[in-house]
Structure formats: C-alpha cells, structure tokens
Amino acid sequence: MRKLNDVVVERLCKYLGERNLTQYKLSQLSGVPFPTIKSIMQRRTKGITLKTIIMLSHGLGITPSEFIDDETFLAENLDLE
C-alpha cells in the first residue's frame, strides 16, 4: 500500500519530466505557491487538496482526471488512513 502523497509526487515527477518543467515554472503556470510545490515534492505536505490537484493539473496543461487516471490512484492500491 502506498500513501496518496507519494503517488501525487510520482505523477508530478512524470509530468514535469515529460514537459521539461521545473517546480518553479509549474508554480508560475499553476498559481500554486512555489513553497507549496516544494513541500509536496519533499513529501512534507500531509494533505494535498483537490483544489491543489486542479491547479497543478491546469499548470501542466492537463485535466485533473488525466492527472489521476492511473491505477496507483485506485483505493485498493492506496493507504488512505
């Protein structure tokens, strides 16, 4: 079982790499403050909100449903405690 935050970080890394974006550039594109993105990537953020996922997705040029369209987001694959 994996933690939701870890799955979000992995997806962000995937999309940042595919788009050759830095965390700072994603901050500019998404409107999510850079310290928030940095905290997420360093796995210091305990609860990532849907609003943040929506904003990050927008900055990546994808829909939120595209961002979470991965089997790692299925409830049976996550530690939701």
At what distance, to the nearest 0.5 angstrom, does [atom1] of [X] lie from [atom2] of [Y]?
| X | Y | atom1 | atom2 | result |
| --- | --- | --- | --- | --- |
| Lys14 | Arg11 | NZ | CZ | 5.0 Å |
| Ser39 | Lys46 | OG | NZ | 9.0 Å |
| Met55 | Leu50 | CE | CG | 12.0 Å |
| Lys38 | Gln23 | NZ | CD | 8.5 Å |
| Ile53 | Phe67 | CD1 | CZ | 4.5 Å |

Student check: side-chain heavy atoms of [X] and [Y] closer than 4.5 Å:
| X | Y | value |
| --- | --- | --- |
| Val8 | Thr52 | no |
| Val32 | Ser27 | no |
| Leu60 | Leu21 | yes |
| Lys3 | Leu78 | no |
| Pro33 | Ile37 | no |

Exercise. For Tyr24, what are the other residues in its hydrophobic cluster, where any two members join if their side-chain heavy atoms are less than 4.5 angstrom apart?
Worked result: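 Grouped by the 4.5 Å side-chain rule, Phe34 form the rest of the cluster around Tyr24.
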Problem set entry | Met1: hydrophobic cluster co-members (side-chain, 4.5 Å) |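 Taking Ile, Leu, Val, Met, Phe, Trp and Tyr as members, Met1 stands alone, with no cluster partners.
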For this session: For Asp69, check salt bridge (Lys or Arg N to Asp or Glu O under 4.0 Å) against everything at least two apart and list the hits.
Result: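 For Asp69, no residue satisfies salt bridge (Lys or Arg N to Asp or Glu O under 4.0 Å) once neighbours in sequence are set aside.
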Problem set entry | salt bridge (Lys or Arg N to Asp or Glu O under 4.0 Å) against Glu10, all qualifying residues, sequence neighbours excluded | Arg2
Problem set entry | Steps toward side chain to side chain contact (heavy atoms under 4.5 Å, CB included) verdict (Leu16, Thr22) | CA-CA 7 Å; Leu16 288 172; Thr22 64; over 6 Å; no
Problem set entry | Thr63 and Glu66: side chain donor to acceptor below 3.5 Å |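 Yes, side-chain donor-acceptor contact under 3.5 Å.
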Problem set entry | Tyr15 side chain to Arg19 side chain, donor-acceptor N/O pair below 3.5 angstrom | no
Using only atom types and a distance under 3.5 Å, with no angle test, would you say the side chain of [X] pairs donor to acceptor with the backbone of [Y]?
| X | Y | answer |
| --- | --- | --- |
| Asp79 | Leu4 | no |
| Thr45 | Ile48 | no |
| Ser30 | Leu26 | yes |
| Ser57 | Ile62 | no |

Exercise. Where do Thr72 and Asn77 come nearest, in terms of heavy atoms and distance?
Worked result: O-CB, 4.0 Å
Problem set entry | Atom CD of Glu71 with >12 non-hydrogen neighbours under 6.0 angstrom |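 It does not: Glu71 CD has 12 such atoms or fewer within range.
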Exercise. Which residues satisfy the ring pair (Phe, Tyr, Trp, His ring centres under 6.0 Å) test with Phe73, sequence neighbours excluded?
Worked result: none
Exercise. What pairs of residues pass the ring pair (Phe, Tyr, Trp, His ring centres under 6.0 Å) test when at least one of them lies in residues 44-66, not counting sequence neighbours?
Worked result: none
